[in-house]
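Here the structure comes first, spelled out in structure tokens, and everything after it is commentary.
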Amino acid sequence: MHAYRTHNCAALTKENVGETVRLSGWIHRKRDHGGVLFVDLRDHYGITQVVADEDSPALELLDSLKLESVITIDGEVKARDAAAVNPNLPTGEIEVFARSVTVQSHANELPLIVNSAEDYPEDTRLKYRFIDLRRERVHNNIMLRNRVITSLRRRMTDQGFSEFQTPILGASSPEGARDYLVPSRLHPGRFYALPQAPQMFKQLLMVAGFDRYFQIAPCFRDEDLRADRSPEFYQLDFEMSFVTQEDVFQAIEPVLAGVFEEFGGGKSVTPAGEFPRIPYADSMLKYGTDKPDLRNPIIISDVSHHFEKSGFGIFEKIVGGGGVVRAIPAPETHEKSRKFFDEMNDWARKEGFSGLGYVTRKQGEFGGPIAKNHGPEEMAKLYDELGLGENDGLFFAAGKEKDAVKLAGAARTRTAENLDLIEQGCFKFCWIVDFPMFEYDEELKKIDFSHNPFSMPQGEMEALENQDPLEIKAWQYDIVCNGYELSSGAIRNHRPDIMYKAFEIAGYTQADVDANFGGMIEAFKLGAPPHGGSAPGIDRIVMLLADEPNIREVIAFPLNQRAQDLMMGAPSVVSARQLRDVHIRLSGEAVDVNKNATAAEKTDMNSNAAQQDIPPQDR
RNA sequence: GCGGGUGUAGCUCAGUUGGUUAGAGUAUCGGCCUGUCACGCCGAGGGUCGCGGGUUCAAGUCCCGUCACUCGCGCCA
């Protein structure tokens, strides 16, 4: 007989009745009835009820064990009486009568309870992540993640993509997010950077002629966190040669739609080949964001022209000053009280906006100060133009375009949430396309790249030479699902002349470009195919599929919101010797942190400072 | 860097207008119970009310500061 088990805890059925079996697992729950004791034994696969009574030599020991102790049970499979069958358990028709028990590991009192769905503070959960991971919800999420990644790999491989690994220790790049830096021991004063994405390398793989590459790629960004943002995360990074934007869409839509259909639990999914393409400018106008949630039916409209001359002076002044007025319908709000509208206004002010105007409408009758001053005829005209009904309210976001867009977008989301208008049970995908290549930087008073400098401008060299830079679009595209940005990608600029020209428009010389991106430019001078790709975020895909609001719920060992590992104690202080090795001397502030941390961390086995540190007098 | 929320028993939470000995559930420990499956019943232990200061006869409760966690803004394609 196997040392630990003949079956796992989900395997036994009526078929096995009468067999002598051995099971191992955790004590999930105990029910002690005096003469008879029930133990739910749990492993990765499931739960089996173990029973012991006074005829069993295992009773006393089993009774004494705490929850989550690990045991091995020898016993017999018995059928349960019809009345004792548990229909909620796949193994509910049988139980194992324990003949003997071996304790593999005693558990002390637990900081969180495995057998409950109760919510625990995140620091507790993260500090004891190995226990948290035993719990059904997170355990399932991590298994879902595994299946999603397996499926993505298969789907990509089936389409002729090859998986390669790219370096983790790379060169720091000046654009984009802050890098995580790694000091070099062999090269004093020099640093590696962990990749924000394998961008350069995947493009070089195309130059190297591999045609179709993908990778489940780890990415690192040293920026502040959000519910959907982790400093380390994984992307389905891919790149293709000799392709147009359309080819990239056709390659990835079936992969994403396929995975969401496979693991979406029956929710409807935008079919492959039918992902709507929304130009960036349209998205900003209609949804107030570049990552619209299409489950939300509300559409924003520009109504600035209605207020060029208006009895409502504030809007007239805003429009006269070059600002805009955007309208956000609040359908069927005739029975909502004034409080509903006022609370939206209060919310907007709390968010730092100047306020959210509104018009109410009840059986065709307009209400509120804006309607009063603007006049009922003018309001009716505006409503007709927007196709609104006689019981629809309307919010207004007014101001400089950038602020009004942002407020309108946030108000659209909040209105739909308050009115319960978000369609449930579906995954709605779209592409955001035609991103502007450049934007005007108000602070630096200059033109700069608006997103990725390595995207090919639409119209290529001809556009760069002849068009207003702020009008030029890039072959750049994002995939958005239910309001989450899943990926961004582009057809790359593989032409050195166009690259230099694009950087020139943004105020960089050829020497600047060579200094920062010399490696790639050089490669493009030695025979580069046209290429493009994208990189859907795997953590966010799993978040959506698991219906989790927080990325940490789908990562086995996530960092907390301050990018710390509470279980292993990262980041940690390191020994003076380690610092010397990498030619680092700490600043005054950092030295203080180290001094204060050392006492605690020296006794912490997980800290590098613990045993290797040298006495203070030797420093 | 800024703003919101939270912080009371191992854990999840309640705690009224400032008022006597800070409660419940769960976990833990002890006792009872032979068919439960969130078993049930009886009992016990368990608290620097995040921390520091202030107001007051009196502070978990009010004020100031600070720390931790979290959500958002900035930031991040």
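Throughout, protein chains are lettered first and strands after them, A, B, ... in sequence-line order, and every chain is numbered starting at 1.
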- Hey, does A:Q199 reach any base, or is it just sugar-phosphate, or nothing, if we go heavy atoms under 4.0 Å? base
- With sugar-phosphate meaning primed atoms plus P, OP1 and OP2, does A:E95 contact a base, only sugar-phosphate, or nothing at under 4.0 Å between heavy atoms?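 Counting heavy atoms under 4.0 Å across all strands, the contact made by A:E95 includes a base.
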[atom1] gap between [N] and [M], integer Å:
N: B:C49; M: B:C2; atom1: P; answer: 29 Å
N: B:A44; M: B:G50; atom1: P; answer: 27 Å
N: B:G25; M: B:G15; atom1: C1'; answer: 15 Å
N: B:G52; M: B:A59; atom1: C1'; answer: 15 Å
N: B:G65; M: B:A38; atom1: C1'; answer: 44 Å
N: B:C76; M: B:U16; atom1: P; answer: 45 Å
N: B:C75; M: B:U12; atom1: P; answer: 35 Å
N: B:U55; M: B:G60; atom1: P; answer: 16 Å

- Answer yes or no: side-chain N or O of A:D123 and base N or O of B:C69 forming a donor-acceptor pair under 3.5 Å. no
- Message: Is it the case that the base of B:C11 and the side chain of A:R125 share a donor-acceptor contact (distance under 3.5 Å, atom types as modelled)?
- Response: no
- A:G489 or A:D224: which one's nearest nucleotide on RNA chain B is closer to the 5' end?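 Nearest-nucleotide comparison on RNA chain B picks A:D224.
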- By nearest-heavy-atom nucleotide on RNA chain B, the more 5' of A:A84 and A:G176 is A:A84
Take atom [atom1] of [X] and atom [atom2] of [N], then tell me their distance rounded to the nearest Å.
X: A:L67; N: B:C39; atom1: CG; atom2: C1'; value: 14 Å
X: A:K66; N: B:U26; atom1: NZ; atom2: C1'; value: 16 Å
X: A:R349; N: B:C73; atom1: CZ; atom2: C1'; value: 18 Å
X: A:L89; N: B:C39; atom1: CG; atom2: P; value: 12 Å
X: A:R552; N: B:C71; atom1: CZ; atom2: P; value: 4 Å
X: A:D81; N: B:G35; atom1: CG; atom2: P; value: 12 Å
X: A:E122; N: B:U12; atom1: CD; atom2: P; value: 13 Å
X: A:K402; N: B:C73; atom1: NZ; atom2: P; value: 14 Å

Between [X] (side chain only) and [Y] (backbone N and O only), is there a donor and an acceptor less than 3.5 Å apart?
X: A:N115; Y: A:H28; value: yes
X: A:H531; Y: A:M240; value: no
X: A:R492; Y: A:M456; value: no

Complement of [N], any strand, by Watson-Crick or G-U distances under 3.5 angstrom:
N: B:G1; result: B:C73
N: B:C13; result: B:G23
N: B:G45; result: none
N: B:A38; result: none
N: B:U6; result: B:A68
N: B:U56; result: none

- Consider only side-chain N and O atoms of A:D434 and A:Q458, and report whether a donor and an acceptor are under 3.5 Å apart.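 A pair is found: one side chain offers a donor N or O, the other an acceptor, under 3.5 Å apart.
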- Answer with yes or no whether the side chains of A:Q215 and A:T166 bring together a donor and an acceptor at under 3.5 Å. yes
Side-chain N,O ([X]) to OP1/OP2 ([N]) below 4.0 Å:
X: A:N560; N: B:C69; answer: yes
X: A:R562; N: B:A68; answer: yes
X: A:Q561; N: B:G72; answer: no
X: A:N550; N: B:C71; answer: yes
X: A:K406; N: B:G74; answer: yes

Assess the pair [X] and [Y]: is the distance between their ring centroids shorter than 6.0 Å?
X: A:H494; Y: A:F524; value: no
X: A:Y477; Y: A:F249; value: yes
X: A:F503; Y: A:Y508; value: yes

- Under the side-chain contact (heavy atoms from CB on, under 4.5 Å) rule, collect the residues that match up with A:K78, sequence neighbours excluded. A:E76, A:E95, A:F97
- Item | Interface residues of residues 23-39 of chain A with RNA chain B (non-hydrogen, below 4.0 angstrom) |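 Contacts with RNA chain B under 4.0 Å: A:R29, A:R31, A:D32, A:H33, A:G34, A:G35, A:V36, A:F38.
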- Item | Pair A:K402 + A:E439, salt bridge at N-O below 4.0 Å | no
- Query: Which one, B:C71, B:U12, B:C75, comes nearest to the side chain of A:R226?
  - Reply: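 For the A:R226 side chain, the nearest candidate turns out to be B:C75.
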- Task: Counting heavy atoms from C-beta on, name the nucleotide in B:U36, B:A77, B:G74 closest to the side chain of A:R221.
- Result: B:A77
